[in-house]
There are 2 protein chains.
Amino acid sequence: MINLATDEAVENHGDEGDKQRLRLWLRLLKVSRYIEGELRERLRKEYATTLPRFDVMSALYRAEKGLKMSELSAALMVSNGNVTGIIERLVAEGLVLREPLPGDRRVMLVLLTPEGREKFRDMALVHQGWVSELLKNINARDAATICDILDVKLVRTSAGREGEKE
Amino acid sequence: MINLATDEAVENHGDEGDKQRLRLWLRLLKVSRYIEGELRERLRKEYATTLPRFDVMSALYRAEKGLKMSELSAALMVSNGNVTGIIERLVAEGLVLREPLPGDRRVMLVLLTPEGREKFRDMALVHQGWVSELLKNINARDAATICDILDVKLVRTSAGREGEKE
DNA sequence: GGTTAAAATTTTAAGATTGAAATATTTTTG
DNA sequence: CAAAAATATTTCAATCTTAAAATTTTAACC
């Protein structure tokens, strides 16, 4: 009931679908690499920062109350140890604060400093402009189409969630 | 003449397009991260190798005559120094051969060994199955649609190629 | 209540990645 | 032809990244 494809719904078995999906994956990889590369370079040149740091700040910006380390790594889909190092550097730069969570001494809460919030606000605006420019040949409707197709279509593949009849 | 969007073609200026394209980028990033993570884990567990190594072998497999180091890094959209290290490990594993190009002693040619070709052939088949499984909820037509939209739409943004009327 | 299991984080070792500098070779050019 | 510019690659230091092991703290269980 999610897959609305009419006549194509049947052909999800043959070689053709396999090939198209592999082609799609290679295309996604190429586009991602290209855009990531551009953003990395621009963040470095314009703001003397890196994409991972930007991503971390972005996640923290949306969470005003702060995030646990594990929430942060889950949000970014990277490993725990990874986030530890990036946060270290952001703390050293005065952009992030780390504080214990009262009541559970295992947990570390991280949040943006006022300076971090301000700096991110600046960057985020310019960043959106960059992305829009890099994808300028894709109109709003096509963008929305792709988002929709890629949205629900992915989720149920990894850990075998419940409720999958068939 | 490439952009066939009828009525949307006009709205590539407003805030709406910006937002949709940013949303698209975040979605692309998420999907890529997810699939990359799955493939990495499976390559490690099933074949004791890594995604970068697989990518390098894939590029070399298609180029039977071998590739220059610079052609390889260009194909994968990564830095030169990066490829050097990955090739080193593949050579140590006996999967890749490095040889000088007669006539230009600056150039290093890299190509798969027979063992490398065989091993990649095995992996590639399984790999395609993984990708297709991970994207199984996307039918062939949708996959093709996305590929087409993402295809030409990207290229002309970076270095300002010649021949762009308009 | 003390032992064990679970959870959150950090540390560690290996690899991947970049950008810049260094090397080596070829091409250009005066 | 010699000096300079261009090209191809490697080396280097810094950062990012992962998976696994180690640490610390909390929860569970008998």
Side-chain angles (χ1 to χ4, degrees), chain A residues 29 32-34 36-57 66-93 95-96 98-110, chain B residues 29 32-57 59 66-93 95-96 98-110:
Chain A
L29 202 52
S32 298
R33 285 243 178 108
Y34 168 70
E36 276 200 45
E38 283 289 326
L39 294 179
R40 185 191 329 109
E41 186 177 345
R42 295 177 189 201
L43 282 173
R44 183 175 56 82
K45 286 185 175 164
E46 306 289 329
Y47 293 103
T49 190
T50 66
L51 199 46
R53 276 174 241 213
F54 180 86
D55 290 342
V56 164
M57 292 181 76
L67 289 175
K68 302 178 188 177
M69 291 297 281
S70 46
E71 291 173 332
L72 190 49
S73 56
L76 302 178
M77 295 205 286
V78 299
S79 67
N80 280 342
N82 186 3
V83 173
T84 300
I86 296 170
I87 287 293
E88 256 169 27
R89 284 160 215 126
L90 285 172
V91 168
E93 292 170 25
L95 302 172
V96 163
R98 304 178 29 160
E99 53 184 39
L101 177 70
D104 190 337
R105 284 183 298 181
R106 294 171 301 183
V107 175
M108 268 298 170
L109 268 185
V110 283
Chain B
L29 202 53
S32 299
R33 286 240 179 113
Y34 168 68
I35 295 183
E36 275 200 45
E38 285 289 325
L39 294 179
R40 186 192 327 111
E41 186 176 345
R42 295 176 191 203
L43 282 173
R44 184 176 55 83
K45 286 185 176 165
E46 306 288 330
Y47 293 103
T49 189
T50 67
L51 199 46
R53 275 175 241 213
F54 180 86
D55 290 342
V56 164
M57 292 180 75
L67 289 175
K68 302 178 188 177
M69 291 297 282
S70 46
E71 291 173 332
L72 190 50
S73 57
L76 302 177
M77 295 205 285
V78 300
S79 67
N80 280 342
N82 185 3
V83 173
T84 299
I86 297 171
I87 288 291
E88 255 169 27
R89 284 160 214 127
L90 286 172
V91 168
E93 293 171 24
L95 302 172
V96 163
R98 304 178 31 161
E99 53 183 39
L101 177 71
D104 192 337
R105 284 184 298 181
R106 291 170 302 182
V107 176
M108 268 298 171
L109 226 49
V110 282

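In what follows, chains carry the letters A, B, and so on, assigned in the order in which the sequence lines appear, proteins first and then strands, with residues in each chain numbered from 1. Heavy-atom basis, side chains included; hydrogens, waters and symmetry copies ignored.
Counting to the nearest Å, the C1' atom of C/dT9 and the CG atom of A/L109 are 13 Å from each other. The interatomic distance linking A/K68 (NZ) with C/dT9 (C1') rounds to 12 Å, in whole Å. If you take CD of B/E88 and P of C/dA14, they are 16 Å apart, rounded to a whole angstrom. Between the P atom of C/dG19 and the CD atom of A/E38 lies a distance of 11 Å, rounded to the nearest Å. One atom, CG of B/L67, and another, P of D/dT9, lie 10 Å apart when rounded to the nearest Å. A/L101 places its CG atom 14 Å from the P atom of D/dT25, with the value rounded to the nearest Å. The nearest whole Å value for the distance from the CE atom in A/M108 to the C1' atom in C/dT10 is 10 Å. Atom-to-atom, CD of B/E71 to C1' of D/dT7 comes out at 13 Å; the value is rounded to the nearest Å.
Where A/D104 and B/D104 each meet DNA chain D at their nearest nucleotide, the meeting point lying more 5' is that of B/D104. The 5' end of DNA chain C is approached more closely, in terms of each residue's nearest nucleotide, by A/S70 than by the other of A/S70 and B/G103.
Between B/E93 and B/R89 there is no salt bridge, since no side-chain N of the basic residue sits under 4.0 Å from a carboxylate O of the acidic one. A salt bridge links A/K45 to A/E41: at least one charged side-chain nitrogen sits closer than 4.0 Å to a carboxylate oxygen.
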Nucleotides 16-20 of chain D: which of its N/O atoms have a protein N/O under 3.5 Å away?
unit_1: D/dC16; atom_1: OP1; unit_2: A/T50; atom_2: OG1; d: 2.7
unit_1: D/dC16; atom_1: OP1; unit_2: A/R53; atom_2: NE; d: 3.1
unit_1: D/dC16; atom_1: OP1; unit_2: A/R53; atom_2: NH2; d: 3.4
unit_1: D/dC16; atom_1: OP2; unit_2: A/R89; atom_2: NH1; d: 2.2
unit_1: D/dT17; atom_1: OP2; unit_2: A/N82; atom_2: ND2; d: 3.2
unit_1: D/dT17; atom_1: O5'; unit_2: A/N82; atom_2: ND2; d: 3.0
unit_1: D/dT18; atom_1: OP2; unit_2: A/S79; atom_2: N; d: 2.7
unit_1: D/dT18; atom_1: OP2; unit_2: A/S79; atom_2: OG; d: 2.9
unit_1: D/dT18; atom_1: OP2; unit_2: A/N82; atom_2: ND2; d: 3.2
unit_1: D/dA20; atom_1: OP1; unit_2: B/R44; atom_2: NH1; d: 3.4

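Contact record, B/I86 with B/P52: CD1-CB, 3.7 Å, taken as the closest heavy-atom pair.
Here CG of A/D104 is found 7.0 Å from NZ of A/K68. Values are rounded to the nearest 0.5 Å. Taking CD of A/E36 as the start and CG of A/L43 as the end, the distance is 11.0 Å to the nearest 0.5 Å.
When side chains are defined from C-beta on, B/L90 counts as touching B/M57, because their heavy atoms get closer than 4.5 Å.
Side-chain atoms of B/S32 never come within 3.5 Å of backbone atoms of B/L29 as a donor-acceptor pair (strictly under, hydrogens ignored).
A sub-4.0 Å separation between OP1 or OP2 of D/dT10 and a side-chain N or O of B/R98 is present.
Here the side chain of B/R105 is nearest to one of C/dT26, C/dT9, D/dT10, namely C/dT26.
Residue-to-nucleotide contacts include no donor-acceptor pair under 3.5 Å from the side chain of B/R106 to the base of D/dT9.
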